[in-house]
Amino acid sequence: MQREVDFLVIGSGIAGLTYALKVADQGNVIIITKTLEDESNTKYAQGGIASVQHAPDTFEKHIHDTLEAGAGLCDEKIVRMVITEGSERVKEIIEWGTRFDKNEKGDYDLAREGGHSEHRVLHFKDSTGNEIERALIEEANNHPNIEIFTHYFAVDIITQHHLGIEVTRHSTGIECYGAYALNLQTHEIETILARTTLVATGGAGHVYKTTTNPVIATGDGVAMVYRAKGVVEDMEFIQFHPTALYHPGENPSFLISEAVRGFGAVLKTHDGSEFMHRYDERKSLAPRDIVARAIDNEMKISGDDFVFLDCTHLDAAELKKHFPKIYEKCLSIGIDITKTMIPVVPAAHYICGGIKVDEFGKSSIRNLYAAGECARTGLHGANRLASNSLLEALVYAHRASLDAKTNFRKIILKQDVPDWNAEGTSSPKEMVLITHNLTELQNVMSNYVGIVRSNVRLKRALDRLRILYGETEALYEKTTISPQLCELRNMIMVGYLIVKAAIKRKESVGLHYTTDYPPLQSK
Ligand code: FAD
Ligand code: SIN
């Protein structure tokens with residue numbers, strides 16, 4: 001089947017939905033999403049969205065905190081742009097029906113998280129992402145020009161390559177004509193021709209064994225764009241959230257929001273001692289890279305599998321009121337957080353790098369935009385400041401929409417695109433060939449490309465990934481396409497990009513910490 005559309009959007013998280021709502025008055029929009037319409041990293045965001053509201057906070061303070069967290073590698077122009085435009089974008093999602101908590105005076109109840117010098121995080125209890133996703137989905141479903149196709153898996157973006165014309169990476173002439181997508185209800189691969197395409201496929205947490213990300217986070221967009229010879233950058237900067245709930249056997253890991261530390265909770269070792277003061281003067285509220293590394297170090301020294309987050313000294317009623325979901329979740333596994341410390345461990349959480357885009361979300365491929373977690377904008381540098389990603393997604397969805405709306409009428413839909421060629425493939429004989437390679441990938445990435453790295457570990461990872469890549473490509477050549485196989489292939493590609501970027505970076509900076517190149521200034 002072939003479809004034609006003005007604006008194709010891949011992904012229905014905050015970035016994809018916001019963009020769709022902004023372009024839809026100009027033309028028709030198809031959003032494809034690989035599972036349910038609201039399943040996304042966005043839905044699970046807890047802490048909130050960082051946005052300057054009023055004194056004593058200022059744009060300059062937020063800019064300073066973002067640059068500081070980014071360890072010298074942020075693009076300052078982009079930081080200024082996102083932070084100053086962000087407040088307007090937040091107002092828009094409020095107009096679309098998103099609710100944020102207010103205090104008794106009727107002002108927004110602003111939370112504080114690691115690396116922030118002020119209280120500036122708008123939130124809806126500890127379920128902010130769910131509230132944003134709800135409002136955006138409702139708005140999109142009510143828009144006559146937007147169709148959301150659920151259970152549609154984007155396999156590849158279409159470029160000249162599919163017309164038999166070879167292109168090289170960094171070439172300025174690559175064009176995107178839409179995407180091939182597997183309709184999971186009919187099992188047919190459809191050709192969706194689009195004047196413009198936005199990749200908004202989110203993160204890649206499942207490249208690692210332990211992650212806070214839902215299962216959709218497999219780096220599909222980054223892998224698709226890289227395969228299409230688009231430019232991808234900063235992949236070595238993988239953010240591990242310091243405080244995922246330690247509950248072996250549960251995957252994804254449940255997040256204990258940084259806002260809990262912002263509310264006064266303190267990290268402790270098993271003997272009840274605080275340790276963060278030995279690593280950073282901001283203690284438990286230091287930026288994430290520092291806290292995650294400190295926890296990793298304490299666990300290595302003690303041999304323990306986790307540390308504790310202590311909330312027991314905090315006002316129990318207020319704690320329950322601010323963090324009802326966290327309270328309920330912990331209680332469901334026998335931990336009353338008002339009386340007992342929470343076992344926590346770092347888990348893969350966010351990818352700072354991705355598809356390189358300019359200030360209008362334009363990738364290196366013509367007519368192809370990227371926004372949200374899959375995009376590399378220059379905002380985060382070597383480490384993302386907490387709650388800056390929802391903000392970044394809003395600003396880039398808006399900016400990409402401005403460019404796409406201005407230009408889409410000039411773009412002629414490509415007519416001679418061939419249907420997907422599935423010749424010579426058959427159903428997989430053994431699913432274990434896929435699942436075993438996934439487990440191996442996750443082990444390699446977690447063991448050798450985690451919070452602390454070294455040349456030897458990275459080389460080992462690269463050697464293993466080459467084998468996994470060869471085996472999986474061979475399988476892909478002769479097997480009918482399935483989401484499981486595509487995701488494995490994409491995750492191996494993303495793992496490879498992370499390792500290659502990590503090997504290339506001969507220094508410790510932000511989230512990339514290697515024992516072979518100690519940090520210039522130790523914190
Ligand atoms: P997502 O919301 O992940 O959406 C991606 C979409 O793409 C999904 O609909 C998915 O199904 C679809 N998709 C992916 N691949 C394909 C494919 N091949 N074909 C079709 N569809 C596809 N950030 C903050 O700023 N504040 C927070 O408080 C916060 N808390 C977080 C808590 C958790 C537990 C997690 C996991 C993340 C948190 N983050 C937070 C990060 C933030 O939620 C994400 O970075 C952000 O929501 C990403 O939005 P997105 O639109 O780019 O991607
Ligand atoms: C959290 O609530 O701790 C997550 C915030 C984020 O990832 O930005």
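Since the model is a prediction, treat every value here as computed from it, not as a measurement. Atoms within a ligand are numbered from 1 in the order they appear, just like the ligands themselves. Note: hydrogens, waters and symmetry copies are ignored here, and every other heavy atom, side chains too, is used.
Between Phe306 and Phe308, the two ring planes are perpendicular [angle over 60°; tilted spans 30° to 60°].
The neighbour count for Lys356 NZ, taken as heavy atoms of other residues, nucleotides or ligands under 6.0 Å away, does not exceed 12.
Between His162 and Tyr177, the gap from one ring centroid to the other reaches at least 6.0 Å. Checked against the 6.0 Å centroid threshold, Phe263 and His322 count as a close aromatic pair. Ring-centre distance between Tyr396 and Tyr369: not below the 6.0 Å cut-off.
Donor-acceptor pairing under 3.5 Å is lacking for the side chains of Thr212 and His241. A donor atom on one side chain and an acceptor atom on the other are not found under 3.5 Å apart for Lys34 and His151.
For the pairing with Arg399, the salt bridge (charged side-chain N to carboxylate O under 4.0 Å, His left out) check across Glu359, Glu392, Glu85 returns one residue only, Glu85.
How far CE of Met1 is from CD of Glu188: 6.5 Å, rounded to the nearest 0.5 Å.
Contacts of ligand 1 (protein heavy-atom distance under 4.0 Å) are Ile10, Gly11, Ser12, Gly13, Ile14, Ala15, Ile32, Thr33, Lys34, Glu39, Ser40, Asn41, Thr42, Tyr44, Ala45, Gln46, Gly47, Gly48, Tyr152, Phe153, Ala154, Ala200, Thr201, Gly202, Thr212, Asn213, Ile216, Asp220, Leu255, His349, Tyr350, Gly372, Glu373, Arg384, Ser387, Asn388, Ser389, Leu390. Residues lining ligand 2 at a heavy-atom distance below 4.0 Å are given as Gln46, Gly47, Glu113, His241, Leu255, Ser257, Glu258, Arg288, His349, Arg384, Ala386, Ser387, ordered by chain and residue number.
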